[in-house]
Asks: 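Provided herewith is a single structure, encoded as structure tokens, for subsequent inquiry.
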Amino acid sequence: MNKEILVSHGIEYDKGLARFAGDVEIYEMVLMSFLEDTCLETAKAALEKGDYETIFAVTHELKGSSGNCDMTRLFRISDELCEMTRGGKYKGNEDAVKARFPEFEEAYTQVIERIRLAQ
């Protein structure tokens, strides 16, 4: 994979690689698994339905996986949405969640695009 392309969108390649004990093959395999991921589609459908529990589940999952891979921007916005929807915190704040969603979608999409380009 082309490390510079990944780094150009906030994927801290060297830090992520260190989390995988320097095993390039495994780290890059995990990065490639994002290309098969359906979290964005799931989150978009949940937002349309007003299903904030599913948004919490998806953003919690992405918070973990993006954090492990050192995808800084995606991690940050996933963490924010996760906290906004944790334990029903969204009640009365649905508009705030909806307002943050486009940044989540953009960060997710850019990570996927960078991984594709870096192959």
Side-chain angles (χ1 to χ4, degrees):
M1 295 187 97
N2 185 317
K3 174 181 163 180
E4 287 74 30
I5 290 174
L6 297 172
V7 171
S8 73
H9 187 67
I11 298 174
E12 300 290 336
Y13 187 93
D14 292 334
K15 287 181 182 179
L17 183 59
R19 288 183 190 273
F20 288 82
D23 191 323
V24 172
E25 185 176 332
I26 291 176
Y27 179 57
E28 291 186 357
M29 183 176 67
V30 171
L31 289 176
M32 293 295 292
S33 73
F34 274 83
L35 299 178
E36 308 286 324
D37 185 85
T38 60
C39 285
L40 180 60
E41 292 82 13
T42 302
K44 286 169 74 172
L47 187 66
E48 287 176 19
K49 295 177 187 172
D51 181 357
Y52 294 91
E53 287 82 14
T54 296
I55 293 171
F56 168 74
V58 169
T59 57
H60 188 267
E61 178 183 338
L62 280 173
K63 173 185 168 184
S65 58
S66 64
N68 284 335
C69 291
D70 277 278
M71 299 170 171
T72 55
R73 185 170 179 232
L74 182 56
F75 171 80
R76 180 184 52 78
I77 190 62
S78 295
D79 181 45
E80 289 174 18
L81 281 173
C82 182
E83 290 309 311
M84 291 172 80
T85 55
R86 181 184 300 276
K89 289 182 187 176
Y90 63 86
K91 294 177 183 171
N93 295 309
E94 292 89 349
D95 288 342
V97 174
K98 290 176 185 175
R100 299 298 290 149
F101 199 86
E103 185 179 351
F104 168 75
E105 185 174 0
E106 179 184 358
Y108 181 95
T109 300
Q110 288 181 350
V111 161
I112 298 302
E113 288 172 359
R114 292 292 184 231
I115 293 170
R116 276 196 185 104
L117 285 171
Q119 293 184 78

Asks: Is any side-chain heavy atom of D51 less than 4.5 Å from a side-chain heavy atom of I55?
Replies: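 No. Closest side-chain heavy atoms not under 4.5 Å.
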Asks: Calculate, to the nearest 0.5 Å, the distance between atoms CZ and CG belonging to F20 and N68 respectively.
Replies: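 Output value for this atom pair is 6.0 Å.
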Asks: Should I5 and V24 be regarded as members of a common hydrophobic cluster, given that ILVMFWY residues are connected when their side-chain heavy atoms come within less than 4.5 Å of each other, either directly or indirectly?
Replies: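 No; tracing contacts between hydrophobic side chains, which count when under 4.5 Å, never links both residues.
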Asks: N93 versus M84: any side-chain heavy-atom pair under 4.5 Å?
Replies: no
Asks: Heavy-atom count around E25 CD within 6.0 Å, excluding the residue itself: above 12?
Replies: no
Asks: Identify the two heavy atoms, one from F75 and one from K63, that lie closest to each other, and give their separation to 0.1 Å.
Replies: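 So the minimum-distance heavy-atom pair works out to CD1-O, 3.2 Å.
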Asks: Check A107 against I77 and note the closest heavy-atom contact, atom names and distance.
Replies: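 Minimum heavy-atom contact is CB-CG2, 4.0 Å.
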Asks: Can you tell me how far CD of Q119 sits from CE of M1, rounded to the nearest 0.5 angstrom?
Replies: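 These two atoms lie 6.0 Å from each other.
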Asks: Just do the side chain to side chain donor-acceptor pair (under 3.5 Å) check on Y90 and E53 with the steps written out, would you?
Replies: CA-CA 9 Å; Y90 63 86; E53 287 82 14; 2.5 Å; yes
Asks: Please determine whether salt bridge (Lys or Arg N to Asp or Glu O under 4.0 Å) holds for the pair E48 and K44, giving the CA-CA distance in whole Å, both sets of side-chain angles, and the decisive distance to 0.1 Å.
Replies: CA-CA 6 Å; E48 287 176 19; K44 286 169 74 172; over 6 Å; no
Asks: Could you measure the distance from the CZ atom of R86 to the CG atom of L81? Nearest 0.5 Å is fine.
Replies: 12.0 Å
Asks: Are F101 and L74 connected in a single hydrophobic cluster, I mean Ile/Leu/Val/Met/Phe/Trp/Tyr linked by side-chain heavy atoms less than 4.5 Å apart?
Replies: yes
Asks: Consider only side-chain heavy atoms of I, L, V, M, F, W and Y, link residues closer than 4.5 Å, and tell whether Y27 and L117 are in one cluster.
Replies: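 No, because Y27 and L117 fall into different hydrophobic clusters, even though each may have its own neighbours under 4.5 Å.
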Asks: What distance do D23 atom CG and L17 atom CG have between them, rounded to the nearest 0.5 Å?
Replies: 8.0 Å
Asks: Looking only at atom types and distance, does a side-chain atom of T109 sit under 3.5 Å from a main-chain N or O of E106, one as donor and one as acceptor?
Replies: no
Asks: With a 4.0 Å cut-off on N to O distance, would you call R100 and E103 a salt bridge?
Replies: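 Result for this pair is yes, salt bridge flagged.
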Asks: Would a distance-only check, ignoring hydrogens and angles, find a side-chain to backbone donor-acceptor pair under 3.5 Å from Y52 to K91?
Replies: no
Asks: Hey, what do you get for CE (M71) to OG (S65), rounding to the nearest 0.5 Å?
Replies: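 Going from CE on M71 over to OG on S65, the span is 7.0 Å.
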Asks: If you compare all heavy atoms of S78 against all heavy atoms of F104, which two are closest, and at what distance to 0.1 Å?
Replies: OG-CE1, 3.6 Å
Asks: Show every donor-acceptor pair shorter than 3.5 Å between a side-chain atom in residues 29-40 and any protein atom, with sequence neighbours excluded, or say none if there are none.
Replies:
{"residue": "S33", "atom": "OG", "partner": "V30", "partner atom": "O", "Å": "2.5"}
{"residue": "D37", "atom": "OD2", "partner": "C39", "partner atom": "N", "Å": "2.8"}
{"residue": "D37", "atom": "OD2", "partner": "Y108", "partner atom": "OH", "Å": "2.4"}

Asks: Are K3 and D14 packed together at the side-chain level, in the sense that at least one heavy-atom pair is separated by less than 4.5 angstrom?
Replies: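 In contact.
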Asks: So, taking the atom named CG in L6 and the one named CD1 in I11, what distance separates them when rounded to the nearest 0.5 Å?
Replies: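 Between L6 CG and I11 CD1, I get 4.5 Å after rounding to 0.5 Å.
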Asks: Are the side chains of E12 and R19 in contact, using a 4.5 Å heavy-atom criterion?
Replies: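 Result no, sub-4.5 Å side-chain heavy-atom pair not found.
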Asks: Less than 4.5 Å apart, any side-chain heavy atom of T85 and any of E94?
Replies: no
